[in-house]
Each structure stands twice: as structure tokens, then as C-alpha cells.
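Input: a single structure, listed below in C-alpha cells.
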Amino acid sequence: QMTGPDGFLIGVISDTHGVLRPEAIERLTGARHILHAGDIGAPDIVWALRKIAPVTAIRGNIDRAAWATEYPKTATVVLAAI
């Protein structure tokens with residue numbers, strides 16, 4: 001997790017490979033936005049993360065199935081003005 005100067009908590013996760021571990025959910029709880037940095041592995045991972053906070057996700061090299069085409073290879077996100 002990263003906290004911006006205004007207390008905006010950002011959760012960062014990657015390489016879930018289709019498994020969202022309980023300890024990851026615990027650490028991400030309270031985040032105001034989650035970044036998934038690729039290798040999602042299954043669409044239900046992002047759906048589960050969206051129950052915690054809004055998500056920006058990019059696809060990684062293992063994300064080749066049809067569901068993964070909705071995720072870009074890169075993304076730029078502005079979450080809080082500094």
C-alpha cells in the first residue's frame with residue numbers, strides 16, 4: 001500500500017495468476033484505489049478486487065484469454081493531485 005500526502009491509500013498488487021489470497025485482501029482493505037500490475041490470471045480476480053475499491057488493471061504476459069482483451073498493456077492513472 002502507498003499513502004499519498006492527502007491520506008489517499010493506494011493498493012498495488014500483481015502476479016495473482018488467478019488466485020486472490022486472503023492475506024492480499026486483508027492488506028488491500030481500506031485502499032481507495034487498487035492497481036493490478038498484470039498477470040491477473042482470471043477475470044474473477046478483478047471482480048473481487050472491485051468489491052474493495054475501484055481498480056485499474058493491465059494485462060500481463062499470461063493474460064491471453066478473450067476476457068483479458070478488455071485490459072490494456074499499459075495505463076496512466078491520476079489518482080490525487082499533489
Side-chain angles (χ1 to χ4, degrees):
Q1 296 177 351
M2 299 183 306
T3 305
D6 62 352
F8 191 98
L9 187 64
I10 303 165
V12 181
I13 190 167
S14 70
D15 298 288
T16 49
H17 294 265
V19 178
L20 188 56
R21 301 186 189 288
E23 53 270 22
I25 294 170
E26 181 180 329
R27 294 295 304 264
L28 293 168
T29 298
R32 293 193 37 210
H33 197 93
I34 298 172
L35 304 174
H36 194 302
D39 288 348
I40 302 163
D44 58 332
I45 298 300
V46 177
W47 298 334
L49 292 172
R50 286 183 179 145
K51 291 179 182 176
I52 300 169
V55 176
T56 299
I58 60 170
R59 68 177 183 263
N61 64 310
I62 71 155
D63 301 319
R64 297 183 180 158
W67 63 265
T69 60
E70 75 176 88
Y71 300 102
K73 291 182 181 180
T74 64
T76 301
V77 181
V78 177
L79 298 173
I82 297 177

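Atoms considered below: every heavy atom in the structure, side chains included; atoms not considered: hydrogens, waters and symmetry mates.
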Going by the rule side-chain contact (heavy atoms from CB on, under 4.5 Å), which residues pair with Trp47 if we only count those two or more places apart in sequence or in a different chain? Pro43, Asp44, Arg50
Taking only residues two or more places apart in sequence, or in another chain, which ones meet Ile58 in a side-chain contact (heavy atoms from CB on, under 4.5 Å)?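 By the side-chain contact (heavy atoms from CB on, under 4.5 Å) rule, Ile58 matches Pro72, Ala75.
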Does anything in residues 57-75 form a side chain to side chain donor-acceptor pair (under 3.5 Å)? List the pairs, not counting sequence neighbours. none
Side-chain donor or acceptor of Asp39 paired with backbone N/O of Ile62 under 3.5 Å: yes
With rounding to the nearest 0.5 Å, note down the distance linking CG in Leu20 to CD1 in Ile40.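 It comes to 11.5 Å.
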dist Ile52:CD1 -> His33:NE2 (nearest 0.5 Å) comes out at 12.5 Å
Considering all heavy atoms, the nearest [X]-[Y] contact:
| X | Y | result |
| --- | --- | --- |
| Leu49 | Ile13 | CD1-CG2, 4.1 Å |
| Thr16 | His36 | OG1-NE2, 2.9 Å |
| Ala37 | Ser14 | CB-CB, 3.8 Å |

Under 4.5 Å between side-chain heavy atoms, hopping through other hydrophobics if needed: is there a path connecting Val77 to Ile10?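 Yes; Ile10 is reachable from Val77 via cluster members.
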